[in-house]
Amino acid sequence: MTLDTKFVPAEMEARLYKQWEEGGYFKPGRKPNAKPFTIVIPPPNVTGSLHMGHALNNTIQDVLVRFERMRGRDVLWQPGTDHAGIATQMVVERLLAKENKTDRKTMGREAFLKRVWEWKEESGGIITQQLRRLGASCDWSRERFTMDEGLSKAVRKVFVQLYKEGLIYKDTRLVNWDPVFETAISDLEVETRETKGAMWSFAYPLVDGEIDGLKEIVISTTRPETMLGDGAVAVHPSDERYKNLVGKYVWLPIANRKIPIIADEYPDPEFGTGAVKITGAHDENDFHVAKRNNIPLIMLMDKKARMISTPENHVPERYNGVDRYKAREMVLAEIEELGFYRGKEEKMIPQPFGDRSNVVIEPMLTEQWYVNAGELAKPAIAAVKNGDTKFVPANWDKTYFEWMNNIQPWCISRQLWWGHQIPAWYGDDGKIYVEETEEHAQAAAGPNVKLTRDEDVLDTWFSSALWPFSTLGWPEQTPILKRHYKTDVLVTGFDIIFFWVARMMMMGLHFMDGEVPFETVYIHALVRDEKGQKMSKSKGNVIDPLELIDEFGADALRFTMAAMAAQGRDLKLAKSRVEGYRNFATKLWNAARFAEMNGVAKDENFDPVAARVTVNRWIAGEAARCRDLVTKAIEDHKYNEAASALYQFAWNVYCDWYVELIKPILTGTDETAKAETRACAAWAFEQILVLLHPFMPFITEELWSKTASRSGMLIDASWPTYIGLGDAAADAEMNWVIRLISEIRSVRAEMNVNAGAKIPCVIVGAAQEARMRTANWEAEIMRLARLSSLVFEDSVPPQSAQIPLDEATVALPLEGMIDFTAERARLNKELEKIAKDMGGIDGRLNNPGFVAKAPPEVLVESRELKAQLEEKKAKVLEALKRLG
RNA sequence: GGGCGGUUAGCUCAGCGGUAGAGCACUACGUUGACAUCGUAGUGGUCGUAGGUUCGAUCCCUAUACCGCCCA
């Protein structure tokens, strides 16, 4: 059981993870009488590989899950992946193009889908393997995929029910059309970006010649090519300039059509000429104007955003099949040639881009399926208002409400192949049959109707919205569903509050009898690079979490994530931070090696409450304090505070002081004290392992098994509860000793005393308590402060450096070793600091308002502080006097 | 235009009403058989700016500047 001198994370991590997983520790149901605790994972895309966002997200979930497991809850962390419609189809299409030089259309739907499934089987497991490397303790035996048979059944059932309730319907309106993927996408998948563009002005001549001195109306547009589809020119009803033109017509050049001049509230008279062209079929605002005024909607483009020439749209034949941007150039040239060109202004314009395809989205008039989100949002809003679901940090509910209150119909149909095909059939009788299966549809239609299934698939987020219950077996009423819905916490980033959180709320409430899908939504920050920039492949600033795991270990990465998870928006990741926590792991390893070398071993009979040695009583109290801090911090989702408490306790308290202070005991002759201290040191270290386990599961598990022979694994250990720990007298004594040693060290360094030199120390004016403490810790003080002697005397020896310590003065007779000018300077500096502190305190105490109004305990504290400062000041002055 | 964040040590960030903190970096010294992935000591901040509330403000309020995100 000897520990190696170095610790190598890689081997250990793989081995331990396997042991946990195969040991069934991640599975629920092991504590059937315990209260369940449930988290559903935000399902990563099957196409994905682990990035920093995943690392943060899953670290937090794993900390929670391991913590609650240790606290005795019956934990289910439900894992799975998302089929990610567009993303996956895109990946496989690219693969096809590369491999076989073919495309999905040539292959046909069936063959293509077969290929996607094959790809999923081959590559879909990458991300889940990577989650394992992070240490995520999900129950992999319950892994789900959004296109599993079970989940697909849930999707069909939800769709059919919502349709029959009138909450899903078909509608023809403008949608965001992605001309690369040739599908509609939802508003959320569109990203508006400011891009370089221009505003061109054209003249449309009046059909009736001159009216009110006007022969033409000048309109401006950022999209010249759409003029071919103009159905009207609109002006504001209050616009005097055009008052007598409303109801007249203009000639639309190129298309050679007559279009009316209409009055509508939409045009801004202050902007440009105050007249706008209305292209109802290709612009959202124009669409509404056209609807209001009964203006025809003229379709100009096909699914690839190429112009089409039809008898209906009057687009000249030469435009047929021309790309929209090429058509723009043609229109501009022709307008100029016709003499209707009226100038161009370069400007930045907002343009919609597809978040996946990265091309300009075209508003297109098509028939699509919609969810009446407004209706479903009502209970979802109420549930957050009344506290059934809480956002942490709480201010995110504002974002949630803001969006939910203004929610638009959700376009859920996609003209893709990869996804849940919509369970709707069209009969040759012209009717739509929405049923869970073709048999049901046929039954509904009757035997003589020929059915054709809707070709479209559903938005990926439709199935994700069902995740908290579909993964638990719904629509079957499984025991797991009963036990683990609603879930306890959802951990996710703010970027998918709308995409996912809001929709899960809607669907959960609707299909689970009004019960919310989760009690708490913990929203964490997004991981950015050191400079605060979003990590992206194109910027080349991506830090790969797996590389960090390779270099520093999963524990170090996890601890970094937790330590940086302070509630905020951004999390800028510096590699040095990960390195620092790797060092922390090394420190723990070495502390364990120290223990091993010094006979520090677990003693089943050791009871920290009964410890007699002061330093042991003290460390036990510190352990209890750390335990309380960590517990509270995790409960409050303040992972950084938990991490910081652990780091401090393990390194600054246990390693720096406790271990150093017990060395003389461990090598001493007091066998009783030695035995107790060995047992206590082992106990305290064990507390570190247990408390740290949720954050650093691997190294703690490894040390757990190597520092004692134990019956179970640490993952299965109980979160400690302590009764009767904490001893104020022991704390006071140890703190005094630590202060004494620190002060001597500080003076030594400042006086440039050779680090290796042992020096004498004389304590003057010590009260009984200080004398006792000194006696108790003589060996430790001498060792840690590098003293050759430690004695009490009645007066300060000549040529001493002097340290005031409460009522006593600690004198270091350093004749010949130090420069007394320097010592005087040091004491004067000390005096300055005291004076500064005093200034603050006096300012308060001399303020009648403070004395009258401050809480009594603050007043007492201030007075005590002043007394201490005064005592110290007197000592320093005395010391200066002695130096002459 | 609407909303939400941020501005604290050279860097990355905590703290958020009662004496300014951590890690990294930096400086000096390396003594102690766990650890140089370390130890000891130290340098470094008028807590964006201006008002206000308060006995007291980095912390609360108002305004303002700059940076960032989301929505239109």
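Letters A, B, ... are given to chains in the order of the sequence lines, protein chains preceding strands, and every chain is numbered from 1.
Going from the C1' atom of B/G44 to that of B/A22 covers 14 Å, rounded to whole Å. Rounded to the nearest Å, the gap between the C1' atom of B/C70 and that of B/U62 is 25 Å. Spacing between B/G10 and B/C26 at atom P, rounded to whole Å, works out to 15 Å. For the P atom pair drawn from B/C13 and B/A72, the interatomic distance equals 29 Å after rounding to whole Å. Spacing between B/U58 and B/C24 at atom C1', rounded to whole Å, works out to 23 Å.
When both distances must be under 3.5 Å, the Watson-Crick or G-U wobble mate of B/C59 does not exist.
By the neighbour-count criterion of 12 heavy atoms within 6.0 Å, atom CZ of A/Arg173 is densely surrounded, having more than that number from other residues, nucleotides or ligands.
Considering only side-chain atoms of A/Asn640, the nucleotide from B/A14, B/U31, B/C55 that sits closest is B/A14. Of the listed nucleotides (B/U12, B/A34, B/C70), B/C70 has the atom at the smallest distance from the side chain of A/Phe498. Candidate nucleotides B/U37, B/C38, B/C71 were compared by shortest atom distance to the side chain of A/Trp651, and B/C38 ranks first. Nearest to the side chain of A/Lys829, among B/U43, B/U40, B/G23, sits B/U43.
A salt bridge is defined here as a Lys NZ or Arg NE, NH1 or NH2 lying under 4.0 Å from an Asp or Glu carboxylate O, and A/Lys866 with A/Glu870 meets this definition. Ion pair A/Lys632/A/Asp628 not flagged as a salt bridge, since none of the NZ, NE, NH1 or NH2 atoms sits closer than 4.0 Å to an Asp/Glu carboxylate oxygen.
A donor-acceptor contact under 3.5 Å is formed by the side chain of A/Glu660 with the base of B/A34.
A/Pro855 comes within 4.0 angstrom of a nucleotide base, judged by non-hydrogen atoms across all strands. When heavy atoms are screened at a 4.0 angstrom cut-off, A/Ala755 is found touching base atoms of the nucleic acid.
Using the six-membered ring where Trp is involved, A/Phe498 and A/Trp403 have ring planes that are parallel, under 30° apart on the 30 and 60° scheme.
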